[in-house]
Amino acid sequence: MAAVAELRNISLARGAPSLDIVAVDDLRAAADRAFRSDPNAAFSYGTSAGHTRLVAWIAAKHGVAPEQVVATNGSMQADAFLFQHLVRPGDVVVVEAPTYDRTLLALRKLGADILAIPLEADGIHVEALAQALEAGARPKLAHVIPNFQNPAGCTLSLEKRRRLLELAQRYDFLIFEDDPYVELRFAGDQLPTMLSLDEGGRRVVYASSFSKTVCPGIRVGYLVGSEEVIGAIRKLATQTYISPSMVSQAIVAEFCESGAIERSIETVRRALRERRDATCSALEEELPEARFVVPEGGYFLWVDLPEGSDVERLEKASVERGVSFVKGSDFLLEGGESSLRVAYSGVTPELIREAVTRVASAWRELAGAAA
Ligand SMILES: Cc1ncc(COP(=O)(O)O)c(C=O)c1O
């Protein structure tokens, strides 16, 4: 094995777990059981709703009827269906600033009028949203990543969850609660989903995923919402792919029902906490100029460098030193030039320290050259 100091491809760019925290043996056993016990459900076309037992498991988890669930090929597919169903050119859609880059791309492609509301350490700036609404903005949808946000790592407070629901009710828009990281809390208290706080049951469409708790290659995610919205999305799904991968969903159903998912979540959480700690201490020691909010879970940490830092150049200089990350401006319509996203999910603590040391030395060199 190459010495750590010689490694040329340390990725702080990809929001994915490393293979050592994927429950490969439990997945193999789940596949074996699924293929033996109910081969018909795994190997035939299913319906667009998804694998019946998996849909039932998801419905029970969220305390809703199975008719309110659609299981898809990854939650990205669920997001795409929801946007395709709801968003027409010119429709106003609220997003967090910064937000998941693929959400921005998808909304732009559909011609949405994107209303970006700043993010604070405790989630979207709801009073800035309230002001925009008072001033006449009429969104159809607000996309919010409530837990361990991608890319910023922060979590929406309970007060803000309630306030958002109030605003959605008053101004008649839907909240799209995009929540793939919810199970990955390793500090602090779990907060209720907006889906569960929505008493009328019509203001929230909720998405989550098994990419972060089982593995991304399995490609299983889902949506929960009103029967009306989910029914329309099931129709769209039928037209798109007849049914999602039943092989994948049969394996996930077995993985969930057997309790293997709880063990997997525990393994991932433990590793993420270690990786987050390694990232924070390496940043504090190697790059004390960096500012960041310490995430209580999830995969990501957002780093603000001193104003004037040119992160586009830093990205190139870091790649030359064998380290990649995603620059902040990719997650924003404007700004973010002196920020970056660090994904610590796929890198061991030892490599994290090495990567941060290299980025810090590149930053110092660029800052020195600019001075
Ligand atoms: C906020 C958010 N939504 C959706 C996704 C897509 O996840 P999936 O692998 O389930 O398609 C991601 C993946 O990184 C994400 O961060």
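Just so you know, these numbers use all the heavy atoms, side chains as well, and skip hydrogens, waters and symmetry mates. No experiment lies behind these values; they were computed from the predicted model shown.
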- Query: Going by atom types only, do Arg275 and Ser18 share a side-chain donor-acceptor pair under 3.5 Å?
  - Reply: yes

- Check the side chains of Asn73 and Ser245 for a donor-acceptor pair under 3.5 angstrom, ignoring hydrogens and angles. no

With side chains defined as the heavy atoms from C-beta onward, is the minimum distance between [X] and [Y] less than 4.5 Å?
| X | Y | answer |
| --- | --- | --- |
| Leu115 | Ile117 | yes |
| Glu315 | Leu340 | no |
| Leu184 | Thr213 | yes |
| Val268 | Pro17 | no |
| Pro146 | Asp179 | yes |
| Ser264 | Phe255 | yes |
| Val24 | Arg28 | yes |
| Gln149 | Ile124 | no |

Does [X] use its side chain to pair, donor to acceptor, with the backbone of [Y] at less than 3.5 Å?
| X | Y | value |
| --- | --- | --- |
| Lys160 | Gly123 | yes |
| Arg291 | Pro288 | yes |
| Ser209 | Ser211 | yes |
| Glu177 | Met194 | yes |
| Ser196 | Thr193 | yes |

- Task: Take the angle between the ring planes of Phe210 and Trp57 and call it parallel below 30°, perpendicular above 60°, tilted in between.
- Result: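 The arrangement is tilted - the two ring planes meet at 30° to 60°.
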
- Query: With under 30° as parallel and over 60° as perpendicular, where do the rings of Trp302 and Phe331 fit, or are they tilted in between?
  - Reply: perpendicular

Indicate yes or no: does [X] engage [Y] in a salt bridge with an N to O separation below 4.0 Å.
| X | Y | result |
| --- | --- | --- |
| Glu266 | Arg269 | yes |
| Arg273 | Asp277 | no |
| Glu228 | Arg202 | yes |
| Glu159 | Arg162 | no |
| Arg364 | Glu289 | yes |
| Arg33 | Glu254 | yes |

Could you tell me which non-hydrogen atom of [X] sits nearest to which non-hydrogen atom of [Y], and how far apart they are?
| X | Y | answer |
| --- | --- | --- |
| Gly90 | Asp113 | O-CB, 3.7 Å |
| Gln249 | Gly50 | OE1-CA, 3.3 Å |
| Pro295 | Tyr344 | CG-OH, 3.6 Å |
| Met246 | Gly46 | CG-N, 3.6 Å |
| Gln169 | Arg203 | OE1-NE, 3.2 Å |
| Ser248 | Ile218 | OG-O, 3.0 Å |

- How long is the gap from NZ on Lys212 to OG on Ser345, to the nearest 0.5 Å? 7.5 Å

- Rounded to the nearest 0.5 angstrom, the CZ-NE2 distance for Phe176 and His143 is 5.0 Å

- Message: Which residue in the set Phe186, Phe300, Phe148 passes ring pair (Phe, Tyr, Trp, His ring centres under 6.0 Å) when paired with Tyr181?
- Response: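 In the set Phe186, Phe300, Phe148, the residue that makes a ring pair (Phe, Tyr, Trp, His ring centres under 6.0 Å) with Tyr181 is Phe300.
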
- Neighbour count above 12 (heavy atom, 6.0 Å) for Arg14 CZ: no

- Item | Verdict with supporting geometry, Ser318 and Arg358, side-chain hydrogen bond (donor to acceptor under 3.5 Å, both in side chains) | CA-CA 7 Å; Ser318 299; Arg358 292 187 201 177; over 6 Å; no

- Chi angles and distances behind the side-chain hydrogen bond (donor to acceptor under 3.5 Å, both in side chains) call for Thr238, Ser48: CA-CA 5 Å; Thr238 308; Ser48 64; 3.0 Å; yes

